[in-house]
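Quantities reported herein were computed from a predicted structural model and do not represent experimental measurements.
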Amino acid sequence: MTTDTLVLDAAAQDLLFREARTANTFTDEPVSDEQIQAIYELVKFGPTAMNQQPLRVVLVRSAEGRERLVKHLGEGNKAKTAAAPLTAILAVDNEFHEELPTLFPHFPAAKGYFAERPVREASAAMNGALQAGYFIIGVRAAGLAAGPMTGYDAEGINKEFFTDGEHSVLAVVNIGKPGENAWYPRSPRLAYDEVVTTV
């Protein structure tokens with residue numbers, strides 16, 4: 001298939017998808033708050049159900065914060081996180097429904113749909129995962145590499161960083177310029193015909 005079927009030019013397609021990889025090492029070049037804000041200001045427009053915005057991001061920059069995080073990571077994720085220039089904890093706010101009168105004002109009953117905690121948690125997890133995906137693409141759009149991880153003690157991270165009990169970690173993402181030997185070999189993907197059917 002040719003790349004000219006898409007409106008996005010081939011270089012941008014490569015940057016965001018084909019050439020982008022999960023980085024496992026990073027240079028020591030810093031990632032600025034301005035870069036992260038620019039990423040957020042772009043990806044906040046990604047679609048979610050009822051315009052829910054459950055994603056919350058904790059930027060781990062300090063040595064103390066990194067130590068608090070690394071102790072909850074799986075063994076294979078500790079060293080690369082300790083060395084990354086920036087790590088983001090992506091979590092969801094399970095009380096996101098409180099914001100719906102502002103975020104979804106044309107449907108005043110929206111908040112009431114999520115009165116029960118299990119319903120809120122399920123919706124926060126789904127829409128937060130969407131937002132986490134947008135965030136990773138945004139990191140790539142900024143010319144940076146992302147190293148998302150789910151190998152951690154979720155309960156430990158939740159207690160360590162979200163003491164209110166209202167937030168749940170979704171992923172931990174190392175961010176920066178890729179370092180030496182940053183990539184594992186590309187894993188296979190399913191073919192179009194294995195995924196798409198028409199009815």
Side-chain angles (χ1 to χ4, degrees), residues 22-23 30-74 77 80-82 84-105 107 110-142 144-176:
T22 295
V31 178
S32 70
D33 287 337
E34 290 77 15
Q35 286 173 295
I36 297 300
Q37 183 169 356
I39 290 165
Y40 176 74
E41 296 297 341
L42 176 65
V43 304
K44 70 182 182 182
F45 294 108
T48 58
M50 292 186 180
N51 199 33
Q52 294 172 39
Q53 304 287 294
L55 184 70
R56 300 293 181 268
V57 181
V58 175
L59 300 178
V60 182
R61 290 193 180 279
S62 69
E64 181 265 342
R66 197 169 299 271
E67 184 177 332
R68 289 170 57 204
L69 174 61
V70 166
K71 69 183 180 182
H72 298 292
L73 300 180
N77 293 328
K80 60 187 174 184
T81 302
L86 178 64
T87 302
I89 302 172
L90 305 187
V92 293
D93 181 354
N94 290 303
E95 297 297 309
F96 70 88
H97 67 310
E98 296 291 347
E99 299 161 341
L100 288 178
T102 299
L103 296 173
F104 208 59
F107 186 47
K111 178 180 172 180
Y113 275 46
F114 303 99
E116 296 180 10
R117 177 71 179 234
V119 175
R120 289 201 305 278
E121 288 183 349
S123 193
M126 184 190 76
N127 288 286
L130 283 172
Q131 289 189 286
Y134 302 143
F135 182 84
I136 291 166
I137 298 300
V139 168
R140 294 173 173 182
L144 300 169
M149 303 170 288
T150 56
Y152 49 69
D153 173 8
E155 183 178 354
I157 290 177
N158 289 340
K159 288 180 178 178
E160 188 79 41
F161 291 92
F162 307 108
T163 56
D164 63 0
E166 301 300 343
H167 296 75
S168 304
V169 62
L170 280 177
V172 175
V173 184
N174 292 325
I175 303 169

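- Between I137 and L42 there is no side-chain heavy-atom pair separated by less than 4.5 Å.
- Between L90 and A132 the shortest heavy-atom distance is CD1-CB, 3.8 Å.
- Here the straight-line distance linking atom CZ of R56 with atom CG of L170 works out to 11.5 Å at 0.5 Å rounding.
- A heavy-atom distance below 4.5 Å is not found between the side chains of L103 and Q52.
- The backbone N or O of A145 sits nowhere less than 3.5 Å from a side-chain atom of R140 that would complete a donor-acceptor pair.
- In this structure, E98 places its CD atom where more than 12 heavy-atom neighbours from other residues, nucleotides or ligands lie under 6.0 Å away.
- Side-chain atoms of R66 come within 3.5 Å of backbone atoms of A84 as a donor-acceptor pair (strictly under, hydrogens ignored).
- When the shell of 6.0 Å around NZ of K159 is examined, it contains 12 or fewer heavy atoms from other residues, nucleotides or ligands.
- Distance alone, capped at 3.5 Å, places no donor-acceptor pair between the Y40 side chain and the G138 backbone.
- When every heavy atom of G151 is checked against every heavy atom of N77, the shortest pair comes out as O-ND2, 3.1 Å.
- The NZ atom of K80 sits 6.0 Å away from the CE atom of M149 when rounded to the nearest 0.5 Å.
- Note: F107 and Y113 meet the aromatic proximity criterion, with ring centroids under 6.0 Å apart.
- Summarising the geometry of E160 relative to R68, their closest heavy-atom pair is O-NH2, 2.6 Å, with the distance given to 0.1 Å.
- E166 has its side chain within reach of R117: a pair of non-hydrogen atoms, C-beta onward, lies under 4.5 Å apart.
- Heavy-atom minimum distance, G65 versus V60: C-CG1, 3.4 Å.
- Inspection of the S168 and E121 side chains reveals no N or O donor paired with an N or O acceptor under 3.5 Å.
- In this structure, I175 and V31 approach most closely via the heavy-atom pair O-CG2, 3.7 Å.
- The OG1 atom of T81 lies 4.0 Å from the CG atom of N174; values are rounded to the nearest 0.5 Å.
- In terms of modelled atom types and a separation under 3.5 Å, the side chain of N127 and the main chain of A49 share a donor-acceptor contact.
- At least one donor-acceptor pair under 3.5 Å links the side chain of N158 to the backbone N or O of V169.
- For A171 against Y152, the heavy-atom pair with the smallest separation is N-OH, 3.3 Å.
- Annotation: side chain of L86 is in contact with side chain of I36 (closest heavy-atom distance under 4.5 Å).
- Within the model, atoms OG1 of T48 and CG of L55 stand 10.5 Å from one another, a figure rounded to the nearest 0.5 Å.
- Between F114 and H97, the ring center distance fails the sub-6.0 Å criterion.
- Within a 6.0 Å radius of CD in E116, no more than 12 heavy atoms belonging to other residues, nucleotides or ligands are found.
- Distance check: I157 CD1 to H72 NE2 gives 6.5 Å after rounding to the nearest 0.5 Å.
- A 4.5 Å side-chain heavy-atom check between F161 and L69 finds at least one atom pair inside the cut-off.
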